[in-house]
Amino acid sequence: MRLLGVGMCAAALLLGVVAAPAQAAGESQELRGVGWALKATGKDARFRGLAAVSRSTAWVAGSKGTVLRTSDGGRSWRDVSPPGAVAEGLELRDIEAFDGRRAVALSIGEGEASRVLRTEDGGATWTEAFRNPDPKAFYDCLTFFDARHGLAMSDPVDGKFRILSTDDGGRSWRVLPNAGMPDALPGEAGFAASGQCLVASGPRDVWLATGGGAVARVLHSSDRGLTWRVADSTVPAGDPARGVFALAFRDRTKGLAVGGDYRAGQASPQAAAVSRDAGRTWRQASAPPPAYRSGAAWFPYGAGTALAVGPTGTDVTGDGGRTWRALDPGSFDTVTCTADGSCWAAGEKGRVGRLEGRSGS
């Protein structure tokens with residue numbers, strides 16, 4: 001669905017200050033004394049696609065067919081936009097990167113506007129790996145289990161969400177049979193808001209987030225998209241602008257769902273939910289973020305620490321998503337954290353940030 005307009009001490013968690021990863025923190029530990037350090041991109045594109053590889057290497061993808069890559073922690077950015085995507089003004093809403101040279105990007109839209117592009121040389125050249133031939137399909141998100149196996153999802157076609165699959169790193173794609181996919185609700189779709197409406201954890205588990213229908217739901221597959229089971233979330237839906245916009249799973253059992261109503265000024269009183277059973281059941285956060293959130297990510301060195309971002313700010317949880325507190329008021333659409341303990345966020349007007357220790361903290 002296209003959006004309209006659209007046991008160490010706490011000091012050891014100060015990203016950009018510590019030289020080595022912290023040990024796993026307890027459930028109650030939160031990020032303290034950190035904030036987003038903006039990394040000037042020189043672009044005005046809206047970056048809803050983000051693939052961070054490490055503290056130094058990250059990719060962003062967005063409007064006007066724009067793709068940027070940094071290899072020095074955001075001090076400089078190389079414009080590696082696919083020429084064809086720029087010429088056609090494609091909306092690149094998701095990007096997944098395996099390293100600084102290999103990445104797969106998804107453009108969204110009805111029919112042939114939905115495409116998958118791939119690079120193996122850091123964006124110097126791109127190959128179109130898939131172009132959607134079905135005018136009824138609209139692809140929203142993609143995800144990878146490993147460097148070979150991945151999926152992409154489309155809004156419902158003939159009453160069911162459609163799943164694309166690759167087993168060669170995104171070079172080729174095929175539509176999976178839909179016999180194991182539950183029927184979609186009337187009006188139900190995914191949100192191409194942050195590249196996180198389809199997420200994987202481990203070698204076979206994948207989750208799909210929905211909105212727009214009477215209930216915002218989360219679908220889970222444990223066999224790489226062949227069969228799915230569905231669960232209702234606690235995030236309000238019942239309107240094309242409301243539902244679950246992003247998922248994040250720390251492992252195959254512990255998950256977060258964030259969303260709300262993306263329209264400016266609209267209340268989102270139940271914008272987050274948590275699951276501890278692989279998405280079979282969801283429980284409303286007791287103190288959720290105060291507004292719509294479109295992206296979420298687990299911090300790798302705190303067992304219960306995660307971030308949620310949206311146009312009105314960033315929130316952090318230290319207890320696995322039950323309660324959230326404000327971290328930063330800046331606007332971002334998507335967020336991700338890497339194995340080396342770095343967290344990146346991206347959003348409107350070319351904004352990209354990396355979580356770092358605040359000066360003087």
Side-chain angles (χ1 to χ4, degrees), residues 11-22 31 33-83 85-86 92-105 117-126 144 147 169-170 194-196 295 297-301 307 309 314 327-328 330-361:
L13 292 175
L14 299 183
L15 302 182
V17 177
V18 295
L31 295 171
V34 299
W36 294 113
L38 295 182
K39 308 297 180 181
T41 63
K43 301 291 184 180
D44 64 356
R46 187 163 195 167
F47 294 122
R48 295 185 185 271
L50 169 65
V53 178
S54 67
R55 178 174 173 78
S56 60
T57 301
W59 303 67
V60 290
S63 58
K64 307 174 187 177
T66 308
V67 179
L68 306 181
R69 176 177 56 84
T70 182
S71 58
D72 56 12
R75 289 190 296 272
S76 64
W77 295 85
R78 182 180 296 274
D79 189 335
V80 295
S81 305
V86 173
L92 300 173
R93 295 290 182 92
D94 199 354
I95 187 166
E96 304 290 330
F98 309 115
D99 49 42
R101 296 185 62 81
R102 297 175 297 158
V104 179
L117 308 174
R118 188 179 188 276
T119 182
E120 296 183 341
D121 54 14
T125 61
W126 293 83
F144 276 84
S194 60
Q196 295 177 324
W298 291 94
F299 182 71
Y301 302 122
L307 298 162
V309 302
T314 299
L327 179 72
D328 186 281
S331 173
F332 290 106
D333 292 313
T334 187
V335 61
T336 190
C337 298
T338 64
D340 65 0
S342 65
C343 294
W344 295 76
E348 62 181 346
K349 299 178 181 178
R351 281 172 56 90
V352 178
R354 193 179 65 184
L355 206 61
E356 299 178 2
R358 297 186 192 276
S359 176
S361 62

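It should be emphasised that the depicted structure is a prediction, and the values quoted were computed from it without experimental measurement.
Atom CG of Leu50 is separated from atom CZ of Arg93 by 14.5 Å, given to the nearest 0.5 angstrom. Within the model, atoms NZ of Lys349 and OG of Ser63 stand 12.5 Å from one another, a figure rounded to the nearest 0.5 Å. Summarising the geometry, atom CZ belonging to Arg55 is positioned 10.5 Å from atom SG belonging to Cys343; distances are rounded to the nearest 0.5 Å.
Summarising the geometry of Trp59 relative to Asp99, their closest heavy-atom pair is NE1-O, 3.1 Å, with the distance given to 0.1 Å. For the pair Gly65 and Ser81, the tightest heavy-atom approach, listed with the atom from each and the gap, is O-CB, 3.4 Å. For the pair Thr41 and Gly350, the tightest heavy-atom approach, listed with the atom from each and the gap, is OG1-O, 2.9 Å. Between Glu348 and Ser331, the closest heavy-atom pair is OE2-OG, 2.9 Å. Across all non-hydrogen atoms, the minimal contact from Thr66 to Phe47 is CG2-CE2, 3.8 Å. Of all non-hydrogen atoms in Ala297 and Cys337, the two that sit nearest each other are CB-N, 4.0 Å.
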TODO: Evaluate salt bridge (charged side-chain N to carboxylate O under 4.0 Å, His left out) for Arg48 paired with Asp333, printing each intermediate quantity in order.
DONE: CA-CA 6 Å; Arg48 295 185 185 271; Asp333 292 313; 3.7 Å; yes

Task: Candidate pair Trp36 and Val335, rule side chain to side chain contact (heavy atoms under 4.5 Å, CB included), full reasoning - done: CA-CA 11 Å; Trp36 294 113; Val335 61; 3.9 Å; yes

Open item on the list: As a quick check of understanding, evaluate side chain to side chain contact (heavy atoms under 4.5 Å, CB included) for Leu327 and Val34, giving each step before the final call.
Closed with: CA-CA 8 Å; Leu327 179 72; Val34 299; 4.2 Å; yes

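Sorted by first and then second residue, the pairs that involve residues 36-45 and meet salt bridge (Lys or Arg N to Asp or Glu O under 4.0 Å), not counting sequence neighbours, are Lys39-Glu356, Lys43-Asp79, Asp44-Lys64.
Evaluated for a side-chain contact (heavy atoms from CB on, under 4.5 Å) with Val67, the options Val86, Ile95, Val60 yield exactly one hit, Ile95. A side-chain contact (heavy atoms from CB on, under 4.5 Å) with Arg101 holds for exactly one of Thr119, Asp121, Val53; it is Asp121.
Annotation: side chain of Leu307 is in contact with side chain of Leu355 (closest heavy-atom distance under 4.5 Å).
Partners of Ser194 according to the side chain to side chain contact (heavy atoms under 4.5 Å, CB included) rule, which considers only residues two or more places apart in sequence or in another chain, are Gln196, Ala246, Thr334. Every residue was checked against the side-chain hydrogen bond (donor to acceptor under 3.5 Å, both in side chains) condition with Ser71, not counting sequence neighbours, and none meets it.
Formation of a donor-acceptor pair under 3.5 Å by the Thr336 side chain with backbone atoms of Ala52 is not found in this model. Side-chain atoms of Trp126 come within 3.5 Å of backbone atoms of Val80 as a donor-acceptor pair (strictly under, hydrogens ignored). Judged by distance alone, the side chain of Asp94 and the main-chain N or O of Glu96 form no donor-acceptor pair under 3.5 Å. Using a distance-only test at 3.5 Å, with no hydrogens or angles considered, no donor-acceptor pair links the side chain of Thr70 to the main chain of Thr57.
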